[in-house]
Amino acid sequence: MSAAVLVPASMTSAAETPATWALPAAPALLSPAAPTQAQLNILRFRQIAANTFAEPIRTLAADDASADADTDSTDVAADQASLDDETLCMAKVVHHEAGNQSRAGQLAVAQTILNRKASGRFAGTVCGVVHQRNQYFDTTRYHPNRASAQWQAAVAVAFEALSGKAQAVVPGALFFRAAYSTPTNFFKGRIRVAALGDHVFYR
């Protein structure tokens, strides 16, 4: 039996057909332009931020302790495929250096990388800055738990920083140290920008 749609006789005339039944005008049928990669990154940041920053963030020690147990090679490959290299490098630094800090504290660490990149005194890419000798660390050997809220928060901060729309938390800062440690001569000769959470930032 073939399906049929029965239309009441009272609705067969043009005068009695609801206006909303009419076909949309031709322009409305055109497909919208595909979003740019930058727009997709911003949308992804907003989605991640909405789901993570309202939630309590676990301590870095607890998160790292379960990293190897909760993450297999398939998870790592899938995660790296979904993030570009610059975002991945920055997210790993944020997670490792400030995963237990506030959003502002995480953003401050991310912005030191961007400030170095823009200064002309360091490498010209995020990964180049991060992997310079005796600076941050080798992110290719660091594999945090991709399923954790802490990792999602780090990714969101990386997207926000790279979007260029985030307010400068530590303007011009190029370096930071642990607040609990005694500053070395290197830091004594620098201009202190701010103390934020567990870190002190310098130009």
Side-chain angles (χ1 to χ4, degrees), residues 37-38 40-42 44-45 48-49 52 57 60-61 63-64 67-68 71 73 75-146 148-179 181 183-184 186-187 190-191 193-194 196-203:
Q37 186 60 50
L40 290 173
N41 283 349
I42 292 172
R44 186 170 180 188
F45 152 68
I48 295 173
T52 58
I57 297 178
L60 184 59
D63 202 31
D64 281 350
D68 292 336
T71 306
S73 58
D75 295 332
V76 173
D79 181 77
Q80 292 188 354
S82 65
L83 296 177
D84 62 273
D85 290 342
E86 299 286 270
T87 306
L88 187 60
C89 282
M90 181 173 285
K92 285 187 175 183
V93 172
V94 169
H95 184 275
H96 182 270
E97 302 289 350
N100 60 351
Q101 300 297 295
S102 66
R103 173 181 163 278
Q106 293 183 37
L107 190 57
V109 167
Q111 289 177 348
T112 63
I113 299 173
L114 295 180
N115 291 343
R116 287 187 178 199
K117 177 185 171 184
S119 72
R121 297 163 52 190
F122 300 87
T125 65
V126 168
C127 291
V129 167
V130 169
H131 294 149
Q132 280 186 294
R133 187 176 181 182
N134 298 326
Q135 297 304 311
Y136 294 88
F137 60 95
D138 183 1
T139 63
T140 63
R141 298 186 177 187
Y142 182 64
H143 304 298
N145 179 4
R146 291 349 189 245
S148 70
Q150 193 174 64
W151 171 250
Q152 293 299 316
V155 171
V157 166
F159 275 132
E160 182 178 15
L162 289 167
S163 74
K165 299 181 182 298
Q167 181 178 358
V169 179
V170 284
L174 299 171
F175 311 95
F176 62 92
R177 65 172 177 85
S181 66
T184 62
F186 175 84
F187 288 106
R190 301 266 165 202
I191 298 174
V193 176
L196 188 58
D198 291 344
H199 295 117
V200 183
F201 296 84
Y202 298 83
R203 284 203 291 268

Could you state the interatomic distance from [atom1] ([X]) to [atom2] ([Y]), rounded to the nearest 0.5 Å?
X      : Y      : atom1 : atom2 : value
Thr87  : Leu162 : OG1   : CG    : 5.0 Å
Met90  : Thr112 : CE    : OG1   : 8.0 Å
Thr125 : Asp85  : OG1   : CG    : 9.5 Å
Thr140 : Phe137 : OG1   : CZ    : 10.0 Å
Lys92  : Trp151 : NZ    : CH2   : 6.0 Å

Which of parallel (below 30°), tilted (30 to 60°) and perpendicular (above 60°) describes [X] and [Y]?
X      : Y      : value
Phe175 : Phe122 : perpendicular
Phe176 : His199 : perpendicular
His95  : Tyr142 : tilted

Of all heavy-atom pairs between [X] and [Y], which one has the smallest distance, and what is that distance?
X      : Y      : value
Ser119 : Leu174 : CB-CD2, 4.5 Å
Ala158 : Ala91  : CB-N, 3.9 Å
Ala104 : Leu196 : O-CD2, 3.5 Å
Gly128 : Ala123 : C-CB, 3.3 Å
Val109 : Ala98  : CG2-CB, 3.8 Å
Val157 : Gln106 : CG2-OE1, 3.7 Å

Do the side chain of [X] and the main chain of [Y] share a donor and acceptor less than 3.5 angstrom apart?
X      : Y      : result
Asn115 : Ala173 : yes
Gln101 : Val94  : no
Gln111 : Pro171 : no
Glu160 : Ala166 : no

Problem - Phe186 six-ring face occupied by Arg190 cation (under 6.0 Å, within 45°) - result: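 Yes, Arg190 and Phe186 form such a contact.
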Side chain to side chain, [X] and [Y], heavy atoms closer than 4.5 Å:
X      : Y      : result
Val130 : Ile113 : yes
Val126 : Val93  : no
His96  : Tyr136 : no
His131 : Asp138 : yes

Problem - Polar side chain donor-acceptor pair, Arg116 to Gln132, under 3.5 angstrom - result: no
